[in-house]
Amino acid sequence: MSDHDHTKARYVMIGGFLGAGKTTAVAKLGRYLLKRGLRIGLISNDQSTGLVDTALLRSQGFDVEEIAGGCFCCRFNSLVEAANKLSETAKPDVFIAEPVGSCTDLVATVSYPLRRIYGDRFTIAPLSVVVDPERCARILGLSKGRSFSSKVCYVYRKQLEEADLIVINKCDHVAETLQIELSTSLHKLYPHTKVLTCSAKSGDGLDEWFACLMSGEPVSATTMEVDYETYAEGEALLGWLNGTIRLASKQLFDANTMLVAFANEIRSKLSDLDIEIAHLKMTLDAGDETGNLSVVSLVSSEEAVDLRESLHDRIGGGELIINLRAEAQPQLLCDMTMQTLDTCVRAGHGVSTEIVHLEHFRPGKPEPTHRMTVKS
Ligand SMILES: Nc1nc2c(ncn2[C@@H]2O[C@H](COP(=O)(O)OP(=O)(O)OP(=O)(O)O)[C@@H](O)[C@H]2O)c(=O)[nH]1
Ligand SMILES: [Mg+2]
């Protein structure tokens, strides 16, 4: 921490594909910095509103500003406004920002512009790109299994290419042989990029990564070439569904079991249609004074559902947030999810449902506010 410039706030961006473990890492980094006496401000981001990540981080006691309705690069001014807003209240020493998981070209569209325009206020940390080892191994062709089509993989590879730090996450979950194989491949493909290995869940390897974030410099000697047509098409192959649904029941029910069953049913339906899930995440907030949530995640049609947080008691209702991103038509995702909600939650658990907010779409073509190259 000795290199930390106390006159300027540090801007840390934790990128990586959908479901890689960014939010889990953001929460860990937040706690790591708080323990060291630094003030932090968190910024979450999505193409739409009703965000699981914001709900999850707030439930853990963090102050979070949310930029909804577009990615950081396209809403650069909102990013600066969010930072200003946090500066008025929390006065952070460190901003931790999580960009949308289907976004790339963040160095040219966010890091450089921040440094050029607001260099008197921010120091920019190296850009981390977090990877899920199983997803990454499939995309690099090291292992078999359902993956995405080539244009989605283009976006994935561009994320890796621009990273200052590639962070192989979830090492508690995969065999060491896979970690080594992946690390060797990534070193070969991106020889100038530092490759780290960690588990955001267990905490292994995080100190080394976080120390790099606080003292390291961005590397990026050249600007990455990006074909914005392919990028836009790749991003738009992913369908997005964001829904907020009010649940109520005359009888108390076990929300944890219900959410897991609901997620399993969605997985099985999408799997039958040969659709790959990028990330299905849901929170159920009972709205009681404990602030506890039930949270589930599913990061591939081939993975198991992860109950990340549990409600301690049975509940009589609450607010369910659903964020689903998968390579499929948004309308299909929406119809299938609502139908499953109906059979699995309403009929299966005797819970009534009321839609508060529901939208499904494909992300629009990225049109960055700024795009600055090394030489500009
Ligand atoms: N086993 C294991 N699971 C992890 C680890 N880090 C994250 N996860 C799980 O991976 C899933 C996705 O984690 P998130 O932190 O929400 O991922 P994200 O990158 O923020 O996802 P998006 O915001 O949708 O792009 C959740 O089920 C997490 O519990 C890890 O180190 N080990
Ligand atoms: Mg996240």
Side-chain angles (χ1 to χ4, degrees), residues 13-26 44-48 51-53 71-73 97-107 109-110 127-143 145-171 173-174 178-179 182-183 185-186 189-190 193 195-201 209 224 226 230-241 270 275-281 297-303 306 323-328 362-363 366:
M13 203 156 35
I14 300 199
F17 199 72
L18 298 157
K22 298 180 291 296
T23 306
T24 311
V26 164
S44 66
N45 182 213
D46 196 77
Q47 306 282 8
S48 174
L51 304 191
V52 162
D53 286 359
C71 45
F72 286 153
C73 51
E98 177 184 340
V100 179
S102 58
C103 246
T104 186
D105 205 24
L106 292 160
V107 171
T109 61
V110 181
L127 172 67
S128 304
V129 171
V130 182
V131 303
D132 176 313
E134 286 176 324
R135 163 85 63 222
C136 192
R138 288 201 292 270
I139 287 187
L140 298 185
L142 301 174
S143 64
R146 194 178 280 134
S147 188
F148 298 111
S149 49
S150 63
K151 285 179 181 166
V152 180
C153 296
Y154 173 83
V155 179
Y156 192 99
R157 285 175 179 269
K158 282 288 155 188
Q159 290 183 340
L160 295 175
E161 189 184 331
E162 72 167 336
D164 292 314
L165 300 170
I166 295 178
V167 185
I168 304 173
N169 188 28
K170 309 194 185 182
C171 286
H173 181 64
V174 295
L178 177 68
Q179 297 170 34
L182 197 53
S183 175
S185 290
L186 289 166
L189 285 167
Y190 310 104
T193 308
V195 179
L196 299 170
T197 305
C198 76
S199 163
K201 200 171 212 169
W209 175 20
M224 178 172 78
V226 181
T230 311
Y231 170 19
E233 284 172 37
E235 205 180 6
L237 283 169
L238 297 167
W240 295 58
L241 169 72
L270 291 179
I275 289 171
E276 175 60 343
I277 291 172
H279 199 179
L280 164 64
K281 46 189 177 178
S297 254
L298 175 61
V299 293
S300 161
S301 313
E302 301 193 345
E303 280 275 328
D306 180 14
N323 292 173
L324 171 59
R325 292 88 179 84
E327 188 173 350
R362 295 184 185 281

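One is the number of the first residue; the rest follow in order along the sequence.
Partner of Lys281 under the side-chain contact (heavy atoms from CB on, under 4.5 Å) criterion, out of Leu18, Leu51, Asn323: Asn323 alone. Screening Leu182, Leu160, Leu189 for a side-chain contact (heavy atoms from CB on, under 4.5 Å) with Ile166, the sole residue that qualifies is Leu160.
Using modelled atom types, one finds a donor on one side chain and an acceptor on the other under 3.5 Å when comparing Ser297 with His279. Side-chain atoms of Glu134 and Ser300 include no donor-acceptor pair closer than 3.5 Å. At a cut-off of 3.5 Å, with distance as the only test, a side-chain donor of Thr23 or Asp53 sits close to an acceptor on the other residue. Side-chain contact annotation: Trp209 with Ser128, donor-acceptor N/O pair under 3.5 Å present.
Although no hydrogens or angles enter the test, the distance criterion places a donor-acceptor pair under 3.5 Å between the side chain of Lys22 and the main chain of Phe17. Side-chain N or O atoms of Glu276 include one that pairs as donor or acceptor with a backbone N or O of Ser301 at under 3.5 Å. Panel note: side chain Glu302, backbone Arg146; a donor-acceptor pair is recorded below 3.5 Å.
Heavy atoms of other residues, nucleotides or ligands lying less than 6.0 angstrom from NZ of Lys158 number more than 12.
Pro133 and Lys170 make their closest contact through CD-CB, 3.9 Å (heavy atoms, listed as atom of the first residue, atom of the second, distance).
Take Asn169 and apply the side-chain contact (heavy atoms from CB on, under 4.5 Å) test, not counting sequence neighbours, and it matches Val130, Cys198, Ala200.
To the nearest 0.5 Å, the span separating CD on Glu303 from CG on Leu280 amounts to 13.0 Å.
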